[in-house]
Amino acid sequence: MNADPSGETLFEGKVLVRQLPEFQGAQSATAPASKRLQLPQGELAQVWNSPEGARYIAAIELRPGAIRGNHFHRSKFEMVYVIRGTARFIFEELQTGKRAAILARAGCLVQVQPQVAHAIVAESEGWALEFSPGLYNPEDVYRHVVTPPQTRMA
């Protein structure tokens, strides 16, 4: 996938996957809200800038071969930003049974709507950041094992 801010959508927009665009140095007000700035002091990734706040934030350690998720939410909308490493994201739209998978690398932002089962399989060591405008509710986590179709590179 390229750095197009619109990204790739799956299941009629229920999943959005995009590689955040990278810029050298500080940017003007016309730059996209979500971006990666390469600065002399190091990268600054602006992954979320919205009037809608984030009420849930979690750091995810990626360990090669480890599987996270294999569930869906009935009401939670969530986003995952890959900070470092590579991970395969597997999705299944519950309504249709359609499946898709992408290989996400550092700088990739994945947005998942409710009713889409998802799993993350770490391909390399790394870290990701999960966040959501809604609070975490353990009663909104429904186990659903997602089997992978062919994977595309994000």
Side-chain angles (χ1 to χ4, degrees), residues 1-5 7-11 13-24 26-27 31-92 99-148 151-154:
M1 193 168 71
N2 60 29
D4 175 2
E8 176 181 1
T9 59
L10 305 170
F11 314 130
K14 292 179 183 173
V15 174
L16 174 63
V17 181
R18 61 190 170 127
Q19 190 70 27
L20 296 186
E22 287 188 56
F23 296 94
Q24 296 296 320
Q27 291 300 296
S34 295
K35 59 192 165 289
R36 298 169 73 189
L37 299 176
Q38 299 302 331
L39 305 169
Q41 62 270 44
E43 180 176 326
L44 171 64
Q46 297 173 327
V47 299
W48 188 248
N49 187 16
S50 170
E52 188 170 325
R55 291 188 174 93
Y56 171 76
I57 302 172
I60 301 171
E61 182 178 7
L62 302 174
R63 292 184 176 176
I67 301 171
R68 294 194 175 264
N70 271 327
H71 63 248
F72 70 92
H73 308 282
R74 290 204 170 119
S75 61
K76 182 183 177 204
F77 166 68
E78 65 187 16
M79 293 157 278
V80 178
Y81 177 72
V82 179
I83 297 169
R84 182 173 52 86
T86 305
R88 185 168 20 118
F89 285 71
I90 307 164
F91 308 100
E92 182 179 332
R99 293 176 293 130
I102 57 98
L103 192 59
R105 60 187 183 279
C108 190
L109 178 64
V110 179
Q111 300 177 2
V112 183
Q113 296 288 333
Q115 302 293 328
V116 175
H118 48 280
I120 302 170
V121 181
E123 299 284 328
S124 68
E125 287 186 24
W127 284 91
L129 183 69
E130 177 186 340
F131 56 105
S132 175
L135 295 173
Y136 174 74
N137 178 359
E139 293 178 7
D140 187 36
V141 178
Y142 300 90
R143 180 122 174 95
H144 185 93
V145 176
V146 185
T147 56
T151 303
R152 293 192 308 272
M153 180 60 114

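- Across all non-hydrogen atoms, the minimal contact from Trp48 to Gln111 is CZ3-NE2, 4.4 Å.
- Ser132 and Arg55 share no side-chain donor-acceptor pair at under 3.5 Å.
- Taking every heavy atom of both residues into account, Tyr56 and Gly134 meet most closely at CB-O, 3.3 Å.
- Using a distance-only test at 3.5 Å, with no hydrogens or angles considered, a donor-acceptor pair links the side chain of His118 to the main chain of Val116.
- Checked by atom type and distance alone, the side chain of Asn70 pairs as donor or acceptor with a backbone atom of Val146 at under 3.5 Å.
- A cation-pi arrangement is absent between Arg99 and Phe91, since the terminal nitrogen or guanidinium carbon is not both under 6.0 Å from the aromatic centre and inside a 45° cone about the axis.
- Annotation for Pro21 and Pro32: closest pair CG-CG, 3.9 Å, computed over non-hydrogen atoms.
- Judged by distance alone, with hydrogens and angles left aside, the side-chain atoms of Glu61 form no donor-acceptor pair with the main-chain N or O of Ala128 at under 3.5 Å.
- Side-chain atoms of Asp140 come within 3.5 Å of backbone atoms of Arg74 as a donor-acceptor pair (strictly under, hydrogens ignored).
- Distance OG1/Thr147 to CD1/Ile90: 8.0 Å, rounded to 0.5 Å.
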Q | Working for side-chain contact (heavy atoms from CB on, under 4.5 Å), residues Val47 and Phe131 | A | CA-CA 10 Å; Val47 299; Phe131 56 105; 4.2 Å; yes
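- In summary, the side chains of Gln115 and His73 do not present any donor paired with an acceptor at a separation below 3.5 Å, with no hydrogens or angles considered.
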Q.
Could you walk me through whether Gln38 and Gln24 satisfy the side chain to side chain donor-acceptor pair (under 3.5 Å) test, starting with their C-alpha distance in whole Å, then the side-chain angles of each, then the deciding distance to 0.1 Å, before giving a yes or no?
A. CA-CA 5 Å; Gln38 299 302 331; Gln24 296 296 320; 5.5 Å; no
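- Results of the side-chain contact (heavy atoms from CB on, under 4.5 Å) test with Phe89 over Leu10, Val15, Val80 single out Val80 as the only residue that passes.
- A salt bridge links Glu130 to Lys76: at least one charged side-chain nitrogen sits closer than 4.0 Å to a carboxylate oxygen.
- Within 6.0 Å of the CD atom in Glu43, the count of heavy atoms belonging to other residues, nucleotides or ligands exceeds 12.
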Q: Could you walk me through whether Thr86 and Leu103 pass the side-chain contact (heavy atoms from CB on, under 4.5 Å) test, one step at a time?
A: CA-CA 7 Å; Thr86 305; Leu103 192 59; 3.6 Å; yes
Q | Derivation of the side-chain contact (heavy atoms from CB on, under 4.5 Å) call for Ile60 and Arg68 | A | CA-CA 9 Å; Ile60 301 171; Arg68 294 194 175 264; 3.3 Å; yes
Q: Report the C-alpha distance between Gln19 and Arg36 in whole Å, list the side-chain angles of each, state the deciding distance to 0.1 Å, and finish with yes or no for side-chain contact (heavy atoms from CB on, under 4.5 Å).
A: CA-CA 10 Å; Gln19 190 70 27; Arg36 298 169 73 189; 3.7 Å; yes
